[in-house]
Structure formats: structure tokens, C-alpha cells
Participant: 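So that we are looking at the same thing, I have put the structure below in C-alpha cells.
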Amino acid sequence: MISLKNIFKSYIQGDLDVPVLHDINIEINRGEFVSIMGPSGSGKSTLMNIIGCIDRPTSGEYVLNGFNILESNEKKLSMIRNQFIGFVFQHFHLLPRLNALENVELPLIYGGISKKERRKRAQEVLAKVGLADRMDHLPNQLSGGQKQRVAIARAIATNPSFILADEPTGALDSKSGEQIMNIFTQLNKEGTTIIMVTHEEEVAAYTPRCILLRDGRITSDMKRVFT
Amino acid sequence: MSWMESIKFALSSILAHKLRSALTMLGIIIGVGSIVTIVAIGQGGEAALKSQFAASGNNTIEINFIPDSDDPFAMITDELPVFTEDNIFQLRKIPEVKHVITTNSSMEMLMVNEQSISTQVLGVTDEFFAVNSIEMKRGRKLNEADFSQSNNVIMINDGAAQELFKDSKVIGQILEIKGQPFEVIGVYKSAGGLFGLSTPEIIMPLTLWPVLYGTDDIQSVTLQVKDISQLELAGTKAAKMLNDAKSPELEGKYEVLNLEELQKSMAGITKIMTMIIGGIASISLLVGGVGVMNIMLVSVTERTREIGIRKALGATRGNILLQFLIESMMLTLFGGTIGITFGAAGAYFVSFIAKWPPLVSIEVIIGAILFSIILGIIFGIMPANKAAKMEPIDALRYE
């Protein structure tokens, strides 16, 4: 489903060409639950942005569901982000003036889903993350854990190919973090592909596959079997 | 994404900053308001002129004798201005003329119950009733027989009925005017008259005028034409005919109200007014428009992260462009709508003072609304484009 080949990424800083990612090769299949780990500055956020099609690599090849991302134009990338990817951000990134339900409906609006259908779907996914009684709350009326659950509901509302989570527990207390990870685990069991970036060992411990990144290179890509 | 969604987003964003939005609209409000006012005043003035000419739409035009202003005695000569029987006869021959309404009037002191009451006496012909609609309160109008047989009968207005007879039984009463007895046959409603008060007025057949006043000259002539478009032509012909026929001793000339000249002088006044208010309006609109652009730029910057989130969730450049464009359009549309309200109020105020009909036509309102929307597009396109072109990665990282 996701195929990254020889991905290089560098930023121009003044006269300097600062390399961030070197020769990244990753294959991720449907149904996987993958964590990308590494210390800060290792390039894991950049890698995540590239996978999420909100940043472009300097060179390499990225094929997602048969679409060559580097050759896709802006409009097609919007469609790809909308249809294939469900983002979950560290700081939730909910729109403050919209209530929980409206926030979840947002990607469905851009996907051109009818009003009736998207309301139904938004209610379903919010119920799924346990927020059926918080639908008309504004983000600032919700706790951190609840906000992140709204964000997860928003991510799965469009039925994407995979969820891309950037430090999803980074801004949460450990109890809320645990709840979030349990939701992810449950979603993965139901067949959702999840790619998660984190620097916390205990969070990464939830995932069967872990890719380690250091100084822009993959240092390990291992799978483990939970018993 | 549907327009409804875009409008909803735009509304919530405008309402989230009420004061800011209101201040931003101010320039547009003043600009659009001024434009609506000048257009309405211009159109109202023109309509006033036309209605003055075609006295409340009955296609009439009055002929006046204007004495030479060089001759100070001309004004006070008793014999002026006059129309002879022959003049009237000639005027009737003008093909465009439908009726020639001849009237004489005089102020008389009438003695009633040892009280003298000043009363306006009008001598009219039957054509007077063809042109002026007169509403009877009691009794009947003067009829054909009254005119042809020179019956000593009169109609009085409600003011006269009140003053002369204290509203007791009026019909059939005898009133003495200049030593002649007249029978009151009807009471009519006064045309104008503030608060129902009207000066006493009496209408009698013009054929009786020579008996009372010893002259068959006519004081006032009004022409009614068949069609309003012929008004000017008929007026010019009539004036020329009268001037050609007048005796050389008469210092002065016959004139009709000249529409073209009036329009010209009117246009002169409105032109200056249009230039002044138009100047204010365009400066205000330019400043207002730049204000809208400025606020939209601020709004785009403030909402950089929101733009990033929307893009990550699948918003296209077009979605973002439309969202901000609709927002700026709604700002100018609201401003324009408020401006139209103020402009209309201003127009009504001016027309109230100038005493001409206020005219805020539906075309002006639609025009102003479209103009406001176009302003929003012109000044909103740059900020909206800036928002649309943001890279999602930069927008999401924006602190």
C-alpha cells in the first residue's frame, strides 16, 4: 500500500543544504500497526509529513495506493489526503469554533459527502470513540483526552487507507494516553492501518512493528509477535 | 464543498470578530451610502421636474406673461397680464392642444353677518373640470347649462362653507358678490390645505366675469395636450403665437416653463453635487476596500494553522480560495446593505427638504448590492489567493 524508495530530503538553510533524510526505504502493508521512533532531530517528523503527503521529498519514489505522489499535482494531493489519510496530531488541531460533530464532519465536507450522510457517519465514529454524549461540545469544553478522541474520530470518518498519528499521546497525561493507545489497538484489530510517530518507548511498545530512525537513516525495522 | 458550507464558515468567522468586522465595513457603508444617495437625489430631482411640468400627470402647461424687468412700472400695471378672446381662439387651433383652460381669479371681501371675509373667487369654464378632478362633498358641480346660460350659481370649497356659513345648511343659500346674488349649489373638497384648513374659495362660471368686473380679458391660460411628449412642442408654439400677436405696448413676453432650460440648470446643480459626493464616495470606497483587504490579510495570517488543518484534511486550493473570497464578499455585502439603508434614508431626508419625490429605485438597490459584492471580490482576491497558495506543511507548523 505504501512504498517509499530511496527517499532523500534536505532543507536549504542560507547557503547550506541541510540533509534530513537519507535513503529511506519502507514498505507498509494494509492492516499493519507501525511506530516510527527516534530522538528529536532524527527526521521522524519529516518522514511522517512525507508519508502524509503534506511535504515532498527532494528525491526518491513514493507510491501510495498506486498513485505516484511525486508526480501528483496539488489538486490530486488534496484528494489523496482526503480519501486515503487520516491525520491525528499531537496538539489535536481541532477548529476551535466548530463543535465536536462539525469538526468530524470537516473532512467529509471536503470529500463531497451529502449533509445527511456525513452527519450520520460523524455520529457513528464519535460513538465509536466513546463521545456520543459530547457531540455538541466545543473543543475548549473538552479534556485533552477527549479532544484527541475527537481527532481520531475525524481521522477515521472518511474511512481512510491509514491513520497517520504524530505523537498522539505527547500532550496527554498517561491515563488519557493509555486510553488513546487502546482505541488505536482496537481500531487496528478491526483492520485499520496505523502509522504512528513517537519518541516514547512505552507507546511504541503497543505496535507490532517498530522502525527506528537516527540522524535521518533507518537503523532498525523490526517486527515482533505479541503473545 | 458546497456554497452553503462556505457561507456558514464565512459567517461564523465574521461574527467571531464583530467589532473588527463592523469597523472594516465602515468605509464600504459610507461609500455605498453616498452613491445610493446621489443617484436617488438625481433621479428624484428629475422626477420632480417632470411632475412639475406635467402637473401631477394631467399633461398641462401654464402660459405666463413675463413683464420686462427693465420696466419697473410694468409689474404694477393693472391690465397685466392678459389674454384676449382672440388669443384663446388661436390657441385652440394648435393641433397638439386638447383643452385650453382659461381662468380668472380675484380676491373679494364678502360681507356675511356684518363680518367681512376675504375669499378667492375663481371664474372657470367647463374645460376646467375636464382637467382638474374636483371632489364634491355636498350638492353638485357647475354643469353645461350653468355655463351656457350664465346662471348665477357658485360652488364653494369646504373652507368657505366653514367661514361663510358656519357649516349650517349651505346648499341653496344666496351669497352676494359685488352686488350680485349667487346661489350656492355645491361644496367641494379643497385640493391642498395643511391640516384641513383652507382659504375660502368660490368657483363661478367664467361667463359671469364680464358682468362683475367689466372685462372679458382672461388672466390665466393653461394648456392640456393630448400626450405628455407634446407638452414642450405645444408650449413653444403657443408662446410664439401669443408673442407674435401681442400689441407693441405690452412690455414683456409670453413664456412657458421651459423644460430643457430647467433641466440644464438642474443638471448643473446635481453635477456639482454628484462630483462632491461622488468624490467622497470613491475615496471612501477605495479606503474601505483596502481596509477589507487589510483585514482579510490579517485574518489569513491569524488562521494560517486553520488553513493548514483544512488542507491536511483534504481542502483544495479552490476550497480555501472560495472560503476567504466569500468571507470578504460577505463583509462588503453587509457593508453595502447597511450603506444602502443609510443612503436611502439620506435620499429621503434630502427629498423631504427639497420637496421632491424620493426615488430609491429597485435598480439602484440591485446595482449597489452587485457593486458591493464585486468590491469584495476585487479586494478579497489577493488575500484569498495568499491563503490558497499556502503549503500545508508550513501552515501547520505556524506558531
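Note that the structure is a prediction, hence the values are computed from the model and not measured. Because only heavy atoms are used, hydrogens play no part in the values below, and waters and symmetry mates are left out as well, while side chains stay in. First the proteins, then the strands, lettered A, B, ... as listed; each starts at 1.
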Participant: Tell me whether the count of non-hydrogen atoms from other residues, nucleotides or ligands lying under 6.0 Å of CZ in B/F349 goes above 12.
Facilitator: no

Participant: In residues 291-302 of chain B, which residues are in contact with chain A at a heavy-atom separation under 4.5 Å?
Facilitator: none

Participant: With a 4.5 Å cut-off on side-chain heavy atoms, are B/K8 and A/E102 touching?
Facilitator: yes

Participant: Based on non-hydrogen pairs under 4.5 Å, which of B/E391, B/M4, B/K311 is most in contact with chain A?
Facilitator: B/K311

Participant: In Å and rounded to the nearest 0.5 Å, what is the CG to CZ distance from A/L95 to B/F9?
Facilitator: 7.5 Å

Participant: At a 4.5 Å cut-off on heavy atoms, which part of A/L77 comes close to chain B: side chain, backbone, both, or neither?
Facilitator: neither

Participant: What's the separation between atom CZ in A/R97 and atom CD in B/E306, rounded to the nearest 0.5 Å?
Facilitator: 6.0 Å

Participant: Measure across B/I393 and A/I54 and return the closest heavy-atom pair with its distance rounded to 0.1 Å.
Facilitator: CB-O, 3.1 Å

Participant: Output the distance between atom CG (A/N73) and atom CZ (B/R317), rounded to the nearest 0.5 Å.
Facilitator: 9.5 Å

Participant: Any chance you could measure B/D394, atom CG, to A/D55, atom CG, to the nearest 0.5 Å?
Facilitator: 8.0 Å

Participant: Checking B/K389 against chain A: side chain, backbone, both or neither under 4.5 Å from a heavy atom?
Facilitator: neither

Participant: Grab the two heavy atoms, one from A/R81 and one from B/P392, that are nearest each other, plus how far apart they are.
Facilitator: NH1-CG, 3.9 Å

Participant: With a 6.0 Å cut-off (strictly less than), is the heavy-atom count around CZ of A/F8, excluding the residue itself, greater than 12?
Facilitator: yes

Participant: Can you tell me how far the CZ atom of A/F92 sits from the CD1 atom of B/I309, to the nearest 0.5 Å?
Facilitator: 12.0 Å

Participant: Answer yes or no: are there more than 12 heavy-atom neighbours, outside A/N25 itself, under 6.0 Å from its atom CG?
Facilitator: yes

Participant: Which of residues 12-23 of chain B get closer than 4.5 angstrom to chain A, counting heavy atoms alone?
Facilitator: B/S12, B/S13, B/A16

Participant: Indicate the atoms forming the closest heavy-atom contact of B/A315 with A/S78, along with that distance.
Facilitator: O-OG, 3.4 Å

Participant: So which residue, A/K75, A/H91, A/R154, ends up with the most heavy-atom pairs under 4.5 Å with chain B?
Facilitator: A/R154

Participant: Any idea which heavy atoms bring A/F89 and B/A312 closest together, and the distance?
Facilitator: CZ-CB, 4.0 Å

Participant: How far does CZ of B/R310 sit from CD1 of A/I109, to the nearest 0.5 angstrom?
Facilitator: 8.0 Å

Participant: Does any heavy atom of chain B fall under 4.5 Å from the side chain of A/Q83, the backbone, both, or neither of them?
Facilitator: neither

Participant: Determine the option with the most heavy-atom pairs under 4.5 angstrom with chain B, choosing from A/T158, A/L106, A/L98.
Facilitator: A/L106

Participant: Taking atom CD as the centre, does A/Q13 end up with more than 12 heavy-atom neighbours from other residues, nucleotides or ligands that are less than 6.0 angstrom away?
Facilitator: no

Participant: Which atom names give the shortest non-hydrogen contact between A/N82 and B/G314, and what distance separates them?
Facilitator: CB-CA, 3.6 Å

Participant: Which answer fits A/R56, side chain, backbone, both or neither, if we ask what part of it has an atom under 4.5 Å from a heavy atom of chain B?
Facilitator: neither

